[in-house]
Amino acid sequence: MRRVPPEMFRFTTGEKADLYGAVLDAFGVAGEHLETTLGADAVRERLRLVGWVAAVDDAELHDELARLVKWELLDVVHNHAENYRTAEEYERRNLQYSLTRRGEAALAGVRHALEVLASTGALQTAVLEAIADRLDDLCLLSGEPASADGRIFSTLRELEAHLEALVENTKAFNGELQRLLRAEGGADLEVFREVKAATVAYLQEFLVNLDRRGQAVAAAVARVEERGTAVLRERALRGAELPPVAGEDPAAGWLESRRARWAGLRAWFLPDDGARPRIEQLHDIARRAIVSLLQVLERINESRRRSSSAVQDFRELARWFAAAPAEEDLHRLWSAAFGLGPARHAHLAHPDPELIPSSRSWSEAPPVEVSALLRTSGRTERFTRTARVRDVTAVRAERAERARAERAELARAWQALETDGPVRLSSFGTLDPAVFERLLDLVGRALAAPSDTTGSRRATTGDGRVEIALSPPPDERTAVLRTTKGTLAGPDYVVLITAAGAVSPLPRPGAARREAAG
């Protein structure tokens, strides 16, 4: 790097740095209006235009202008072409000042520095698309005649401007991103969380189709190089129409600058040394930043969910210890914070506490046994009397008697419902409620079963011991069954109730009900 002249930025320091900056800014504004030289009166007028409102007398202004001339930031000439009526007018209007090359560079450097300080950087996918468009334009213009040299020059400079914007914005944004990742929070935690969440969304949106855009630019670079970049640079040089200058020909430097810019473009999208394109590195940086920001957001949300933070509590306690005025206060604070005290205040006691007086020091008293359960879980064992074993002999006898009664009742119900042949449902007449429920269960199972070709239906009980065969009634007779709980009327089906799989039916106490199916 070439060394910057030592006096070049001296005007930015010292008590009158603001005035020096305003004077150079006034010359910069005049140059934008194509005014190359300014007298003292014109400088004063321009100072008001750039925002300098403090009064500056003639002597002070001449001294500051002379100092800028000494630092080689301004050049001064005598205006001999003007007519002066008085000596005072000659002194005021004779000297004409203008910016030197060093002054222009210093002013541009300060403006650029302020611009960088005010900028935040951005990741703009539109810049990638603009670069691809300019490369496509160069491909088309390369086939045009010599009259298109001017357009080649302007397109090439637009391409370089887009690349420079991409590089500068990316560097600035990456710097801001890394500072954001290093930040531990702000005064307003909610605002800090929202900024990081918005940054994550911004990065995710930038990564959408980034690979496709980078590949499109790389393909466009390859197409331009097939047409010949050296020829395009020569044609752009002719279109630039550089002015003649004394000494060295500026064409060589201009072409070298174009070659360097094109090498930078290749480094970003199509490096020739086999290295990874920088656009892919940017892709990795963005993805890592998203992961890091999401982790930070998770920690912030976790800290917001917790009612307190142990880290903050210990830091606050450390500040209290540091601010304690005396050693006695430190002991009291320790006791209040950690609850430690003499051994006689512990909840564990000796087997015979009366043998150990409370005045004895803990270091002299015999140790107290501490159970392993207390050390591991914070609870002590509780020893109580073993509960009496319950005598279940009576319960078992009661359950066995109940089971025998239920089996006997079930046998009686099946004996009451047994038929030694097909009978009408109405033949059962009046029934006990328990027997009636068994009969309804059998009839319901039979009606739910599919019928055969004759219309008959068969079903068994849940235990498979009793089978019923049910046939549709041959007439429209109605069966009426009576119990102590009510009366049931329905079709007078023909039923046959037997033991399932048995050759003969159940014992036949109900044989008296036998009735012909017809």
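Hydrogens, waters and symmetry mates are skipped; everything else that's a heavy atom, side chains included, is used. Numbering starts at 1 and runs along the sequence shown.
- Rounded to the nearest 0.5 angstrom, Trp334 CH2 and His331 NE2 are separated by 10.5 Å.
- At a threshold of 4.0 Å, the pair Glu226-Arg223 does not count as salt-bridged, since none of the basic side-chain nitrogens sits closer than that to a carboxylate oxygen.
- In this structure, Trp268 CH2 and Glu280 CD are separated by 12.0 Å, a value rounded to the nearest 0.5 Å.
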I would like to know whether Phe269 and Leu128 meet side chain to side chain contact (heavy atoms under 4.5 Å, CB included); could you show each step before the answer? CA-CA 10 Å; Phe269 300 100; Leu128 297 177; 3.7 Å; yes
Under the criterion side chain to side chain contact (heavy atoms under 4.5 Å, CB included), I'd like the reasoning laid out for Tyr97 against Leu68: C-alpha separation, chi angles, the key distance, then a yes or no. CA-CA 10 Å; Tyr97 301 90; Leu68 291 174; over 6 Å; no
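- Side-chain atoms of Arg457 come within 3.5 Å of backbone atoms of Ala449 as a donor-acceptor pair (strictly under, hydrogens ignored).
- Put simply, CG on Leu24 and CG on Leu19 are 9.5 Å apart, with the number rounded to the nearest 0.5 Å.
- A heavy-atom distance below 4.5 Å is found between the side chains of Leu159 and Ile131.
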Mind listing the side-chain donor-acceptor pairs of residues 150-158 below 3.5 Å, one per line with the distance, residues two or more places apart or on another chain?
| from | atom 1 | to | atom 2 | distance (Å) |
| --- | --- | --- | --- | --- |
| Ser154 | OG | Gly150 | O | 3.4 |
| Ser154 | OG | Arg151 | O | 2.9 |
| Thr155 | OG1 | Arg151 | O | 2.7 |
| Arg157 | NE | Glu160 | OE1 | 3.2 |

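- Every residue meeting the salt bridge (Lys or Arg N to Asp or Glu O under 4.0 Å) condition with Glu225, not counting sequence neighbours, appears here in chain and number order: Arg266.
- In this structure, the side chains of Leu107 and Leu73 stay at 4.5 Å or more apart for every pair of heavy atoms.
- In this structure the side chain of Leu270 never reaches within 4.5 angstrom of the side chain of Val217, judged on heavy atoms.
- The distance from atom CG of Asp75 to atom CZ of Phe27, rounded to the nearest 0.5 Å, is 10.0 Å.
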The test is side chain to side chain contact (heavy atoms under 4.5 Å, CB included); show your working for Thr100 and Val69 and say whether it passes. CA-CA 9 Å; Thr100 62; Val69 171; over 6 Å; no
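- Residue-environment remark: CZ (Arg276) exceeds the threshold of 12 foreign heavy atoms within 6.0 Å.
- A heavy-atom distance below 4.5 Å is found between the side chains of Leu99 and Leu74.
- Between the NZ atom of Lys70 and the CG atom of Leu65 there is a distance of 15.0 Å, given to the nearest 0.5 Å.
- Distance check, rounded to the nearest 0.5 Å: CZ of Arg235 to CZ of Arg238 gives 6.5 Å.
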For the pair Leu135 and Leu265, evaluate side chain to side chain contact (heavy atoms under 4.5 Å, CB included) and give the outcome as yes or no after the intermediate values. CA-CA 11 Å; Leu135 288 170; Leu265 179 64; 4.0 Å; yes
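- Between Ala220 and Ala132, the closest heavy-atom pair is CB-O, 4.4 Å.
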